[in-house]
Number of protein chains: 2
Amino acid sequence: MSETSAPARFPVTVDVVALTVVNDRLNVLLITRLIEPFRGSLALPGGFVLPGEDLVGAAARELAEETGVARMPGHLEQLGSYGPGGRDPRGDVLTVAHLLLAPNFPVLAAGSDAEHAGWYPVDQALESLDLAFDHRQILVDALERAKSKIEYSPLAAVFCGEEFTVAQLRGVYEAVWGTRLDPRNFHRKATGTAGFLEDTGRMTTGDTGRPAALFRLVDAARPAPGQPTRAVLNPPLMRPRP
Amino acid sequence: MSETSAPARFPVTVDVVALTVVNDRLNVLLITRLIEPFRGSLALPGGFVLPGEDLVGAAARELAEETGVARMPGHLEQLGSYGPGGRDPRGDVLTVAHLLLAPNFPVLAAGSDAEHAGWYPVDQALESLDLAFDHRQILVDALERAKSKIEYSPLAAVFCGEEFTVAQLRGVYEAVWGTRLDPRNFHRKATGTAGFLEDTGRMTTGDTGRPAALFRLVDAARPAPGQPTRAVLNPPLMRPRP
DNA sequence: GGGCTTTATTGTCAACCTGACGATAACTAT
DNA sequence: ATAGTTATCGTCAGGTTGACAATAAAGCCC
């Protein structure tokens, strides 16, 4: 390694692409910037990494700070890093983007930072919203990751609450992939995949139509006796390709 | 964002997990450290990011510097970031790990830095070698990425040279996955997948056994007329799971 | 050359999975 | 009760996979 001269140091931020499903549409959490640069534009929630912190921890902290939500639900993972050159007019800044898949939760407008946080439909964000920095590219990459992730992992279920119906889960797949899926084939695949769904024995009530069975995600940490708990769907639930 | 106080700055490095296949075994490029910390241990090639650089560019530069190879073959992509806390005794250092999949190339011991670079079998590196920093964890993550990557992408072929036989390609899958594959079924799948292999019309000669047809990877940048070039294998070539 | 060994390639076949879609079941609304 | 709606179960043809037989085409040894 060329460690002869003193290394350059960079500010390091974490950004979070928080995705949720609202009314069968995929939404992303964005914050209106109150300061320059990109004042008035929308940006992903995020902020500077503190000394000694780890990256996912920093992302969780920033997300909590900017939404006022203490115990963030869902699944948070690292997406990828961007920079340090050519993405902030103030100079080199490295950012480590993260992906949060979460059930819909209200953004409490508690702190001053959170006053302008809100959910925006993803397609609208990509088409017509004014996004700061390279956040449009990060959002594109996050979407591709999310689309791919739910093919091979049971993580689509984290968009739902603790208990959910097969139709709600299908709605998640349809929202993330932007396609329609056959309810009967999806039901067969979802309920037939080992280590994916666990029947709670309870049913929905009050909705229109026939009541549906309520399922929960098989807890990978506490595997059912005998049954192999899979963190991976095999075979996967592949999205339709053209 | 909490941009009130001056943000902390961190040294940022890039590390590269360079993988290749030598004699049907997966190998990784490691460098003997000549300086503290971890003097005498083996480490992934890497170094500090320079101002204004982009990450993959920095990884390519460091790799070239430390191997003496000017035009690095193969496929280089970002793997993920680690740190900044708790991974370097000298203090906070953020590192962005990268993954290189490449055909076997000689490590020229040209520069002083490269004198101690060499290929090591991956299983040996994980079991018995003394790896510096958190490079063992990075190697584990890189392996998982590589195993997964060749399921869905044609990238296994970059381990081979320009032209290769189906058997050589199968050897790559076997080396990366650590499994044996049925030659007949693999041949059917590899040659039958659209947008994957392209027959050169040429054959091997001189080897033992019947001569084999030589293929090349379909160039995604220059699609064959009519045929849909796929950067993704669909359906994938799934590794056997227990 | 003739037989043997080795590797490549083509087939065969049953099990499984998928997409398309019919048929019921069990509710709510009128 | 009747209609509308959603959930769930079945059926069926076509594609894919894993296991494995059979053939092809070279080199090797005598």
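Values below: all heavy atoms of this structure, side chains included; hydrogens, waters and symmetry mates excluded. Throughout, a chain's letter reflects where its sequence line sits, starting with A, and its residues are numbered from 1. It should be emphasised that the depicted structure is a prediction, and the values quoted were computed from it without experimental measurement.
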**Report entry** A/Q137 side chain to A/H135 side chain, donor-acceptor N/O pair below 3.5 angstrom
**Finding:**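 Per modelled atom types, A/Q137 and A/H135 side chains form no pair under 3.5 Å.
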B/D141 and B/Y82: side chain donor to acceptor below 3.5 Å: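 Yes, a side-chain donor-acceptor pair sits under 3.5 Å.
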Is [X] reaching over with its side chain to a backbone N or O of [Y], donor-acceptor style, under 3.5 angstrom?
| X | Y | result |
| --- | --- | --- |
| B/W177 | B/K147 | yes |
| B/T200 | B/R202 | yes |
| A/W119 | A/F105 | yes |

key: Residues in contact with DNA chain C, drawn from residues 164-174 of chain B - heavy-atom cutoff 4.0 Å   =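 The answer is B/A167, B/R170.
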Close residues, residues 178-193 of chain A, relative to DNA chain D [heavy-atom separation under 4.0 Å]:
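Per residue number, the list reads A/R184, A/H187, A/R188.
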Polar atoms only, N or O, under 3.5 Å: list the protein pairs with nucleotides 1-5 of chain D and their distances.
none

With side chains defined as the heavy atoms from C-beta onward, is the minimum distance between A/L237 and A/I150 less than 4.5 Å?
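SC-SC contact between A/L237 and A/I150 ruled out.
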Can you find a pair of side-chain heavy atoms, one from A/P211 and one from A/T205, that are under 4.5 Å apart?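 When only atoms from C-beta onward are counted, A/T205 and A/P211 do not touch, as no gap falls below 4.5 Å.
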N/O donor-acceptor pairs under 3.5 Å from side chains in residues 22-29 of chain A, not counting sequence neighbours:
| residue | atom | partner | partner atom | Å |
| --- | --- | --- | --- | --- |
| A/R25 | NH2 | A/D123 | OD1 | 3.0 |
| A/R25 | NH2 | A/D123 | OD2 | 3.3 |

First of A/P211 and B/M238 reached from the 5' end of DNA chain D, by closest nucleotide: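 Closest to the 5' end, via its nearest nucleotide, is A/P211.
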Q) Looking at residues at least two apart in the chain, or sitting in another chain, which of them share a salt bridge (charged side-chain N to carboxylate O under 4.0 Å, His left out) with A/R180? A)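 In terms of salt bridge (charged side-chain N to carboxylate O under 4.0 Å, His left out), with neighbours along the sequence ignored, A/R180 is linked to A/E174.
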| task | Report the C-alpha distance between A/E144 and A/R239 in whole Å, list the side-chain angles of each, state the deciding distance to 0.1 Å, and finish with yes or no for salt bridge (charged side-chain N to carboxylate O under 4.0 Å, His left out). | result | CA-CA 12 Å; A/E144 181 50 41; A/R239 67 183 123 161; 3.0 Å; yes
Roughly how far, to the nearest 0.5 Å, is OH of A/Y120 from CG of A/L131?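 So the gap between those two atoms works out to 10.0 Å.
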* To the nearest Å, give me how far apart CD (B/E151) and P (D/dT17) are. =>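 These atoms are roughly 12 Å apart.
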Chain A footprint on DNA chain C, 5' to 3' - any atom under 4.0 Å from a heavy atom: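 Range of nucleotides touched by chain A: C/dT18 to C/dT28.
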